[in-house]
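The next block holds one structure in the form of structure tokens; read it before the comments.
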Amino acid sequence: MGKKGNGKMPERLGREFFARDGITVAKELLGKTLVHETEAGTVRGIITEVESYMGESDKGSHTYGGKRTERTEPMYHKGGTSYVYLIYGMYSCMNIAAMTEGIPQAVLLRSVVPADGESRQCMINLRLAELNKRQMKKEKPLYTPDSCPVSLKKHLADGPGKLCIAMGITRADNDVDMTESDAFYVTEGIAVSRKQIQAGKRIGIDYAEEAADYLWRFFISAGNDLSEGEASI
């Protein structure tokens, strides 16, 4: 996101921010900036869509019924801990634990937009690198920034899997204390008012019975100007 007008870097979010319930944390993460130091450079994404998962009583949560396993352990750690897991054995999903140690609530990050031009280019490069791995397997021509598919730029990081690829997030980033890490953290971002926030059903949890209908997905309404990013929701 770069420096603010007073020359200071945006303040990073500390433990007190995350040590609250998963719904409050989810809503207040909207507009904040996710920062990840990668081999491609520093990537900053403004968070535009999230989902709350409310622990052992939530049928949509990995910890429903007290399911504490090696996989779900980061959800039981202190608020601000990263929880990165694989879906379909190939795509990473990025979550941040909420509440305090022992209470497994978390927020899934569903979408970000580039916070600045440098981040946008890093995201494109990271997405292209992943896309070209598939091209090589198929023995097809590789894409370049000039021949980049229009759909890739339009939907750069507007889904959990695409978000992780675009921000260089992998399973190696699982169980990181994001309140202390120098390479993976969240900072203040842009102001988002309550009237800009919309709610909907969570996606991909049809198995969760009545919990599938909870309006625990929150997003910045389409058409709102993200002054330092590009809306894609």
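- With hydrogens and angles ignored, the 3.5 Å screen pairs no side-chain donor or acceptor of Asp175 with any backbone N or O of Pro74.
- Using bins of under 30°, 30° to 60° and over 60° for the plane-to-plane angle, the ring pair His62/Tyr83 lands in the perpendicular bin.
- A salt bridge is defined here as a Lys NZ or Arg NE, NH1 or NH2 lying under 4.0 Å from an Asp or Glu carboxylate O, and Glu130 with Arg127 fails to meet this definition.
- Heavy atoms of other residues, nucleotides or ligands lying less than 6.0 angstrom from CD of Glu39 number 12 at most.
- The only member of Leu156, Leu163, Val113, Leu152 that meets side-chain contact (heavy atoms from CB on, under 4.5 Å) when paired with Met123 is Leu156.
- Across Thr179, Thr33, Leu29, a single residue satisfies side-chain contact (heavy atoms from CB on, under 4.5 Å) together with Leu13, and that is Leu29.
- The local environment of NZ in Lys162 is crowded, with over 12 non-hydrogen atoms from other residues, nucleotides or ligands closer than 6.0 Å.
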Kindly indicate, with the supporting measurements, whether the criterion side chain to side chain contact (heavy atoms under 4.5 Å, CB included) is fulfilled by Phe219 and Arg110. CA-CA 9 Å; Phe219 54 97; Arg110 290 197 55 86; over 6 Å; no
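- Judged by distance alone, the side chain of Ser221 and the main-chain N or O of Gln196 form a donor-acceptor pair under 3.5 Å.
- No donor-acceptor distance shorter than 3.5 angstrom exists from the side chain of Gln105 to the backbone of Gly55, with no hydrogens or angles considered.
- Using modelled atom types, one finds no donor on one side chain facing an acceptor on the other under 3.5 Å when comparing Ser92 with Thr170.
- With hydrogens and angles disregarded, a donor-acceptor distance shorter than 3.5 Å links the side chain of Arg171 to the backbone of Val84.
- If you run side-chain contact (heavy atoms from CB on, under 4.5 Å) between Thr38 and each of Asp173, Val43, Asn125, only Val43 comes through.
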